[in-house]
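Below, chains carry the letters A, B, ... as their sequence lines are ordered, and counting in each starts from 1. Just so you know, these numbers use all the heavy atoms, side chains as well, and skip hydrogens, waters and symmetry mates.
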Amino acid sequence: MNQNSNTHVGHISPVRVYLLVGAALLIFTAMTVKVSTIQLGPWNAVAALAIASAKALLVALFFMHLLYDRKMYAVVVSSAVIMLGFLLALTMADILKRGDIYPYQSQPIKPQAEIYSPAKPDTSGVAKDTAAADTGAVKK
Amino acid sequence: MDQQHDAAKLGMWIFILSELMLFGGLFVAYTIYRILDPDMFYNAHRELNLTLGTLNTAILITSSVTIALAIHFMQLGRKSKTIILLFCTLGLAAVFLFIKYLEYSHKFELGQLPGKFYTYTGVAGTNPHIFFSIYFLMTGLHALHIIGGMIVISLMIRKTAKNAFSSVYYTPLELTGLYWHLVDIIWIFLFPLLYLIG
């Protein structure tokens, strides 16, 4: 606690820390570009995301001072990141396993699809049917 | 007071996390379309300029270092250094946006535009415009955040110059730094996802 009630003194990191972390971030950037040129199949994406997460962690811990601040901030941040993780994991569980139920084949979105030319209110029944069929194609 | 500082900082963190959720939705959209059509994503990402993308990553990381150092020097009460470093951050942000403009204008000329505006024919695969829709949406939203950050940093330069901050009161500066680091973190993920599809 400070004697002067209008003040706050936070953690002061030495300049060295900021420069070292910055250098580490630049090295990680060079590394992720290099790794992407090596053929690793699905592991390319894993490696890229692992390096990106390491960089984000460095920024959060040292630049955003999560490491030195009250642990309350770290708890709040982790809870949000975990929730985002749930969102991504459950989405992937759906999309990756969908092919087991019915085979997915990507189809070109037709130029006359509803998103490109919204159905006019005074169209005839035939035009409505086409629009409905096109919406079906978009959903696929 | 410590309590005021903590309340302000927690509020900023909650804002930052809501921003994370905003981008999170786009990351989920990206995940879905990349899993559905990995080959198209691979082909389309080759149209992006890796050199400019890598350069922009380095620029944004450097700008994060300069704003962190700006706050560091305000903690030590060295106002002039803070102002110089804030100007460096602003300059780096402007260079980032200029490079982004070069990339965008090149794609505009080629017709690599989102959705129905897509006229380019050089990408093999189904619905390559989906990749460019996601590319423009994610980088565009990120660029808007850069512009917002630049406005706030300009205000901070003004306030610092007017002696609004000291070594014991610099909360607005600290919160600006937090926001700028968030913008950096988002780009750290956007870069490999868009430019480095193995």
- Counting a contact as any heavy-atom pair under 4.5 Å apart, which residues of residues 33-43 of chain A contact chain B? A/Val33, A/Ser36, A/Gln39

- Item | Among the listed options B/Asp37, B/Leu10, B/Thr31, the residue most often paired with chain A at heavy-atom distances under 4.5 Å | B/Leu10

- Query: Side chains of A/Val76 and B/Leu17: does their closest heavy-atom pair fall under 4.5 Å?
  - Reply: yes

- Is chain A contacted by the side chain of B/Phe73, its backbone, both, or neither, given a heavy-atom distance below 4.5 Å? side chain

- Is it true that atom CZ of B/Phe98 has more than 12 heavy atoms of other residues, nucleotides or ligands lying nearer than 6.0 Å? no

- Task: Name the member of A/His11, A/Met83, A/Arg98, A/His65 that forms the most heavy-atom pairs with chain B at distances under 4.5 Å.
- Result: A/His11

- Message: Counting heavy-atom pairs closer than 4.5 Å to chain B, which one of A/Ala45, A/Ala56, A/Ala48 comes out on top?
- Response: A/Ala56

- Note on the structure: One option among B/Leu69, B/Leu76, B/Thr126 has the most heavy-atom pairs under 4.5 Å with chain A, and it is B/Thr126

- Message: I'd like to know whether OH of B/Tyr33 has more than 12 heavy-atom contacts from other residues, nucleotides or ligands below 6.0 angstrom.
- Response: no

- Message: Just checking B/Tyr118: does its OH atom have more than 12 heavy atoms from other residues, nucleotides or ligands closer to it than 6.0 angstrom?
- Response: yes

- Which pair of non-hydrogen atoms, one from A/Gly10 and one from B/Tyr170, has the smallest distance, and what is that distance? N-OH, 3.4 Å

- Message: Give me the atom names and distance for the closest heavy-atom approach of B/Ile185 to A/Met64.
- Response: CD1-SD, 3.9 Å

- Any sub-3.5 Å donor-acceptor pair from B/His72's side-chain atoms to A/Ser13's backbone N or O? yes

- Message: Working to the nearest 0.5 angstrom, can you tell me the gap between A/Met92 CE and B/Ile35 CD1?
- Response: 4.5 Å

- Side chain, backbone, both or neither: which part of B/Leu193 has an atom under 4.5 Å from a heavy atom of chain A? side chain

- Message: At a heavy-atom distance under 4.5 Å, which candidate from A/Phe63, A/Phe62, A/Tyr18 has the highest pair count against chain B?
- Response: A/Phe63

- Intermediate values then yes/no, side-chain contact (heavy atoms from CB on, under 4.5 Å), B/Asp2 and A/Arg70: CA-CA 12 Å; B/Asp2 269 357; A/Arg70 291 175 60 187; over 6 Å; no

- Query: Taking all non-hydrogen atoms of both residues, which atom of B/Pro192 and which atom of A/Thr32 are closest, and how far apart?
  - Reply: CB-OG1, 4.4 Å

- So if you build clusters from Ile, Leu, Val, Met, Phe, Trp, Tyr with side-chain heavy-atom gaps below 4.5 Å, do B/Val95 and B/Ile151 land together? yes

- Non-hydrogen atoms of chain A under 4.5 Å away: do they reach the side chain of B/Ile186, the backbone, both or neither? neither

- Segment of B/Ser64 engaging chain A (4.5 angstrom heavy-atom cut-off): both

- Item | Pick from A/Val77, A/Asn44, A/Asp94 with the largest number of heavy-atom pairs that fall under 4.5 Å of chain B | A/Val77

- Message: Before you tell me yes or no, could you show the steps for B/Leu20 and A/Val81 under side-chain contact (heavy atoms from CB on, under 4.5 Å), namely the whole-Å CA-CA distance, both residues' side-chain angles and the distance that decides it to 0.1 Å?
- Response: CA-CA 9 Å; B/Leu20 197 65; A/Val81 172; 4.3 Å; yes

- Message: I'd like to know if B/Met12 and A/Leu67 are part of one continuous hydrophobic network [Ile/Leu/Val/Met/Phe/Trp/Tyr, side-chain heavy atoms within less than 4.5 Å].
- Response: yes

- Evaluate whether atom NZ of B/Lys162 has more than 12 neighbouring non-hydrogen atoms of other residues, nucleotides or ligands under 6.0 angstrom away. no

- Item | Region of B/Ile32 in contact with chain A, defined by heavy-atom distances below 4.5 Å | both

- Item | Pairwise distance CD1(B/Ile61) to CZ(A/Phe28) - rounded to 0.5 angstrom | 10.5 Å

- Item | Trace of the side-chain contact (heavy atoms from CB on, under 4.5 Å) decision for B/Phe191 with A/Thr29 | CA-CA 9 Å; B/Phe191 171 63; A/Thr29 305; 4.2 Å; yes

- Do you reckon B/Ile84 sits in the same ILVMFWY cluster as A/Val15, going by side-chain contacts under 4.5 Å, direct or chained? no

- Note on the structure: Highest number of heavy-atom pairs under 4.5 Å with chain B among A/Ile51, A/Leu19, A/Val21, A/Val59 belongs to A/Val59

- If you round to the nearest 0.5 Å, how far is OH of B/Tyr30 from CG of A/Leu88? 11.5 Å

- Could you tell me which portion of B/Ile71 (side chain, backbone, both or neither) has an atom closer than 4.5 angstrom to a non-hydrogen atom of chain A? neither

- Item | Spacing of B/Ile188 atom CD1 and A/Leu25 atom CG [to the nearest 0.5 Å] | 5.5 Å

- Query: Are B/Val152 and B/Phe96 in one and the same hydrophobic cluster, where Ile, Leu, Val, Met, Phe, Trp and Tyr link if side-chain heavy atoms are under 4.5 Å apart?
  - Reply: yes

- Query: Same cluster for B/Phe15 and B/Ile67 if Ile/Leu/Val/Met/Phe/Trp/Tyr side chains link at under 4.5 Å?
  - Reply: yes

- Task: Please report the C-alpha distance between B/Trp13 and A/Leu66 in whole Å, then the side-chain angles of each, then the deciding distance to 0.1 Å, and finally whether the side-chain contact (heavy atoms from CB on, under 4.5 Å) criterion is met.
- Result: CA-CA 11 Å; B/Trp13 267 113; A/Leu66 275 188; 3.6 Å; yes

- Message: Is B/Leu50 in contact with chain A via its backbone, its side chain, both, or neither, using a 4.5 Å heavy-atom distance?
- Response: side chain

